[in-house]
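Inspection log for the structure reproduced underneath, given as structure tokens.
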Protein chains: 2
Amino acid sequence: MLSNSEQPITNADRTFFKLRKDIVEGVIPAGSKLSETELSTKYEVSRAVIREAINRLATCHLVERKANVGARVVALSPEGLIQLYQVREALEGMAARLAARYMSDEEIGDMQSLLDSHFDKVKDSHNYYQEAGDVDFHYRIVTGSKNEHLISVLIDGLYHLVRMYRVQLGMAGPRVSTAFDEHRHIVNAIANRDEELAEILMRRHILYSKNNIEKKLNHD
Amino acid sequence: MLSNSEQPITNADRTFFKLRKDIVEGVIPAGSKLSETELSTKYEVSRAVIREAINRLATCHLVERKANVGARVVALSPEGLIQLYQVREALEGMAARLAARYMSDEEIGDMQSLLDSHFDKVKDSHNYYQEAGDVDFHYRIVTGSKNEHLISVLIDGLYHLVRMYRVQLGMAGPRVSTAFDEHRHIVNAIANRDEELAEILMRRHILYSKNNIEKKLNHD
DNA sequence: AATGCTTAAATTGTCGACAAAGTTTGTTTT
DNA sequence: AAAACAAACTTTGTCGACAATTTAAGCATT
């Protein structure tokens with residue numbers, strides 16, 4: 001799809017990004033119906049570009065479309081979250097393995113210094129790392145795999161769903177510092193070119209992450 | 001997307017399936033440009049449905065689209081094949097793990113008898129299993145994972161690319177009987193509810209499969 | 001002859017209108 | 001009053017035309 005060129009070119013691009021943002025952040029509620037005519041007036045574009053945007057959202061699994069009926073925003077559920085993290089575990093585990101194989105020494109160095117700079121900020125404001133830092137770390141691993149499929153499925157697809165769960169369930173989580181340590185260990189494994197360990201640690205990291213969010217979800 | 005409802009409803013569905021078929025089977029050559037107007041006359045539909053079909057193909061990674069420029073059929077390359085199988089290894093490994101966890105006893109029984117019936121046909125015509133049997137086996141594992149993301153990424157996406165490589169590189173491979181044995185072992189692990197082993201065996205199976213195709217590809 | 005600019009052709013992006021399918025409402029029938 | 005049918009309405013699917021952008025061609029210039 002796009003993956004790299006994240007700057008919108010066409011009108012459909014812009015509308016797609018806006019719609020995705022509004023869905024992820026809950027401006028358009030989960031489970032609600034998406035009327036093409038309604039959206040076309042709201043976002044001030046023709047129905048054609050709305051249709052294209054909705055189609056793209058459907059491939060991201062952010063909306064579900066039925067022929068001759070319409071599209072609905074996906075509903076958030078415990079099962080959906082579990083399935084999401086099952087796939088993340090598989091894909092990001094492999095991404096970590098491939099990152100250990102293919103990332104350049106320079107890229108690894110950048111990532112290490114990135115973690116260092118994050119570490120300083122973690123000391124002060126404890127909830128900084130969660131948003132920016134965590135996202136940044138995972139992005140680098142995934143792109144470091146140099147695998148187009150991995151990159152597009154995760155970055156263009158699953159990550160937006162993950163963020164949707166995080167945002168709409170109000171995650172600020174106390175898992176900040178422990179997650180940080182896990183990131184350190186993963187980077188070390190990659191720096192040592194230990195593919196096996198990198199994959200194992202990443203899978204475990206995501207499992208922990210899942211358990212953390214799952215706890216919150218079942219607690220309400 | 002669709003995943004389940006594989007019977008086309010709308011005109012865009014039909015065109016999407018036709019186009020996909022023609023691309024996978026090489027009727028439309030790999031790397032060639034897709035002109036919207038040209039295709040709209042060829043398939044006797046309006047440009048709008050061609051556009052929608054092309055957009056869907058883009059999310060399957062069967063074509064690549066650039067804004068204001070157009071779409072091209074993806075090119076087959078050794079790197080592309082390797083990346084494809086890296087993702088398959090991760091996803092289908094996880095699928096096997098989840099199949100061992102979630103498949104019902106009945107589903108497992110069906111799969112075992114399916115392998116039995118295939119075994120008879122393998123004895124006679126040695127190249128039967130490759131097409132129908134192999135596909136059937138992997139489909140059952142993937143759907144057995146009960147994971148929507150896994151199912152859609154693999155069945156709606158990657159498998160068509162895999163088939164494109166197979167068809168266009170003329171694979172009939174002598175790996176028939178060995179692959180069959182590997183399938184047996186995987187099913188056994190699933191029947192024993194041994195998640196760990198099921199994943200390991202599936203990953204190994206796909207690695208072998210990759211090496212087999214890779215050999216052919218580098219040999220020309 | 002090669003390079004750069006200008007203009008023409010072709011292709012993609014966007015739009016509004018019409019056709020088809022689904023949904024709702026109101027009426028009739030049991 | 002409940003169920004079944006029919007008509008009106010709403011929503012999606014499809015189409016042809018126009019606008020914007022890219023590509024190609026032609027011309028002028030060095």
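The model shown is predicted, which means the values in this text are computed figures rather than measured ones. To find a chain, count down the sequence lines: A is the first, B the second, and so on, and within it residues start at 1.
Residue A:I50 is out of contact with every strand shown, counting any heavy-atom pair closer than 4.0 Å.
We find that CG of A:D13 is positioned 16 Å from P of C:dT12, with the value rounded to whole Å. Taking atom CD of residue A:E36 and atom P of nucleotide C:dA17, one finds them 17 Å apart after rounding to whole Å. The CG atom of B:N68 sits 12 Å away from the P atom of D:dA20 (whole-angstrom rounding). Distance, A:E52 CD to C:dT12 C1': 11 Å, rounded to whole Å. For B:R72 and C:dT11, the CZ to C1' distance is 13 Å, given to the nearest whole Å. Protein atom CZ of A:R14 is 8 Å distant from nucleotide atom P of C:dT14, rounded to whole Å. Here D:dT11 presents its P atom at 8 Å from CD of A:E38, a figure rounded to the nearest Å. Taking atom CD1 of B:I9 as the reference point, atom P of D:dG13 lies 11 Å away to the nearest angstrom.
A sub-4.0 Å separation between OP1 or OP2 of C:dT12 and a side-chain N or O of B:R47 is absent. Using a 4.0 Å cut-off, no side-chain N or O of B:S35 falls inside it from OP1 or OP2 of C:dA10. Contact annotation: B:S46 side-chain N/O to D:dC15 OP1/OP2 distance is under 4.0 Å. Taking side-chain N and O atoms only, B:T10 has a distance below 4.0 Å to OP1 or OP2 of D:dT14. Residue B:K33 places none of its side-chain N or O atoms closer than 4.0 Å to OP1 or OP2 of C:dA10. The side chain of B:R51 contributes no N or O atom lying less than 4.0 Å from OP1 or OP2 of C:dT12.
Among the nucleotides C:dT23, D:dT14, D:dC15, the one closest to any side-chain atom of A:V69 is C:dT23.
Taking the centre of each ring, A:H205 and A:H183 come in below the 6.0 Å mark.
Between B:R65 and B:E36 there is a salt bridge, since a side-chain N of the basic residue sits under 4.0 Å from a carboxylate O of the acidic one.
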Stepwise salt bridge (Lys or Arg N to Asp or Glu O under 4.0 Å) test for B:D156 and B:R20: CA-CA 11 Å; B:D156 294 334; B:R20 188 175 63 183; 5.4 Å; no

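The line from CZ of A:R203 to CZ of A:R97 is 9.5 Å long, rounded to the nearest 0.5 Å. The NZ atom of A:K18 sits 12.0 Å away from the CD1 atom of A:I28 when rounded to the nearest 0.5 Å.
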